[in-house]
Amino acid sequence: MKDNPKIPESLYSTWTSTKVTICFLLLISFSYISYSLKYIHPYLCTQQSQSTHFQSQLSIPLYHQNPQIQKPEEPKTNISHIVFGIAASADLWPHRKNYIKLWWRPDQMRGNVWLDQPVKTEPKLDHTLLPKLRISGDTSGFKYRNPKGHHSAIRISRIVSESFRLGMENVRWFVLGDDDTFFVAENLVRVLQKYDHNQFYYVGGSSESHLQNIYFSYNMAYGGGGIAISYPLAKALEKMQDRCIQRYPGLYGSDDRLQACMAEIGVPLTKEKGFHQFDVHGSLFGLLAAHPVASLVSLHHLDVVEPIFPNMDRIHALERLKVPMQLDSAGLVQQSICYDINRSWTVSVSWGYAVQIFRGISSAREMELPARTFLNWYKKADHTAYPFNTRPVHRHRCQEPFVYYLSNAIYNTSTNQTVTEYVLYQTEKSECNWKMANPSRIHKIHVHKTPDPHLWDKSPRRNCCRILRPNSKKQKDTMVIEVGVCHEDEVVEVW
Ligand SMILES: *[C@@H]1O[C@H](CO)[C@@H](O)[C@H](O)[C@H]1NC(C)=O
Ligand SMILES: *[C@@H]1O[C@H](CO)[C@@H](O)[C@H](O)[C@H]1NC(C)=O
Ligand SMILES: *[C@@H]1O[C@H](CO)[C@@H](O)[C@H](O)[C@H]1NC(C)=O
Ligand SMILES: *[C@@H]1O[C@H](CO)[C@@H](O)[C@H](O)[C@H]1NC(C)=O
């Protein structure tokens, strides 16, 4: 290991004096803002801390310091404030509509599916389980010159404007997605609650492929992962989008066209790590087992990747994920890492999805990286083509993970805790000569966790897990784990 490079002391002092200068300049400019506004919100005034001289003198309304904080008098954003715009096509509709049914709640959600042409009359039940179907406006007058793409990109790009023109009331956000996007609605609401819907916001995520991001843009929200556009921004966009689209006939898709218009308006992408385009092939396991410390908002490319649980089809696999989602959506697929010290095992929990046991003690910095169970979107691209760090599935054959997939989830009303059960997925394992207990003797894992709907109201931090002592000899094949907020001074360490 190399020594940490020493930072010369002079650098520190330069930085400190720069900081003082910046603070001074900020002080002047904030004073000017609050003076010229002549408006200080009473609620915020009483909330102002009197602890420092600076703060009590400044009296800056909080939301001018941080535009992400909503004005306190407005009710919090909830699902009714969102209008979904789902891009679909008639030919894939009979199959893709089943993905929408998985997450759509007709009694609570508002939105439309935008199709290229009418679809055959659906069975009556369908009508009540899906958003309203609409046919997109005619786009034959728009130029499209990308040799690889499809003209329908223009139609799909205009969904946000067409949704706006419906003139629906009490709309704060338009959320765009594909017919193969699965939204975790509660978490979408949680993310949007952080932002002031009265301002211009363009929220979404990048691709998992560095090359895709270079080819399209790192500044672009990928449509399949979901794009949230605040109402006033949609209003501004609607006025210019048709002209804007005509300026970019060479672009490939709908989302790069949208980004081109955002660039003209001057609104950057607000990146949120829970929107998943999933431009990968193979198994999402590695990505879902080490999710970033951010709430899971969407899953996409459901037809491209393998089902998220083995031995079942894609729809049933997502249905399984819905059970823990309904019990504790904020905690869904959140990772926690702990050690079984007696047996020298590392345990990684992805709550509501899977648990892994590894022989040996691996550090948190290793375990928080997604294992490359997936392949790059560009099949020839190796691991240097992901815009985030990954790790191999195992570095030594003894460290092959023992994977336990969710099999059951309940809420125990006498303890107010969820109990999720995970069962070992039996696979061929390499021979291992390490002298330590073999995890294969554990067939089942029970995870106890108190639902924590306010998890994301706090600064992001991984939950902690603890291996509990089995309460009887009979349970030798079952490991019991507790997951929750970390105790004071609790960190992932062994020695
Ligand atoms: C959502 O907020 C509105 C206020 O804007 C309120 O009237 C409505 O009851 C809320 N809906 C839900 C489902 O909480
Ligand atoms: C709920 O918890 C109590 C107390 O630990 C336990 O006795 C009971 O068996 C649990 N119920 C279920 C359904 O797991
Ligand atoms: C469970 O929740 C209920 C309602 O919030 C509360 O009255 C009860 O004391 C809780 N029980 C435990 C064991 O925490
Ligand atoms: C580990 O071993 C110690 C000493 O034998 C025992 O007290 C403890 O309960 C064990 N821990 C677990 C999680 O089994």
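Note that ligands are numbered from 1 as they come in the structure, with each ligand's atoms numbered from 1 the same way.
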If you round to the nearest 0.5 Å, how far is CG of D313 from CD of E319?
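Atom-to-atom, E319:CD and D313:CG are 8.5 Å apart.
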Only heavy atoms of S80, strictly under 4.0 Å: list the atoms of ligand 1 that pass.
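Under 4.0 Å from S80, ligand 1 has these atoms: 1 (C).
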Examine K444 relative to Y422 and say whether NZ or CZ is less than 6.0 Å from the centre of the six-membered ring and inside a 45° cone about the ring axis.
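Judged by the rule, K444 and Y422 form no cation-pi pair.
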Within a distance of under 4.0 Å, is there any protein heavy atom near atom 10 (C) of ligand 3?
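Yes, there is a protein heavy atom closer to it than 4.0 Å.
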When you measure from atom 7 (O) of ligand 3 to the protein, is at least one non-hydrogen atom found at a distance under 4.0 Å?
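Under the 4.0 Å cut-off, atom 7 (O) of ligand 3 has no protein heavy-atom neighbours at all.
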For G225 and F275, which heavy atoms make the closest approach, and how far apart are they?
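For G225 versus F275, the nearest heavy atoms are O-CD2, 3.3 Å.
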What is the nearest protein non-hydrogen atom to [atom], stated with its residue, atom name and distance?
{"atom": "atom 13 (C) of ligand 3", "value": "S414 O, 3.6 Å"}
{"atom": "atom 4 (C) of ligand 1", "value": "P75 CG, 3.8 Å"}
{"atom": "atom 1 (C) of ligand 2", "value": "N412 ND2, 1.4 Å"}
{"atom": "atom 12 (C) of ligand 1", "value": "N78 ND2, 3.2 Å"}
{"atom": "atom 5 (O) of ligand 2", "value": "T415 CG2, 3.7 Å"}

For Y231 and H81, indicate whether the former's side chain and the latter's backbone hold a donor-acceptor pair under 3.5 Å.
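No.
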Could you tell me whether K76 and ligand 1 have an N or O pair separated by under 3.5 Å?
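There is no such contact.
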Please classify the Q108 to ligand 1 contact at 4.0 Å (heavy-atom distances, strictly less than): side chain, backbone, both or neither.
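Neither part.
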Flag side-chain contact, heavy atom, 4.5 Å: W104 against F183:
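No. Closest side-chain heavy atoms not under 4.5 Å.
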Would you check the N or O atoms of N416, main chain and side chain alike, for any that come under 3.5 Å of an N or O of ligand 3?
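N/O-N/O distance under 3.5 Å: yes.
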Are F309 and Y353 near enough that their ring centres are under 6.0 Å apart?
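Yes, the ring centres sit under 6.0 Å apart.
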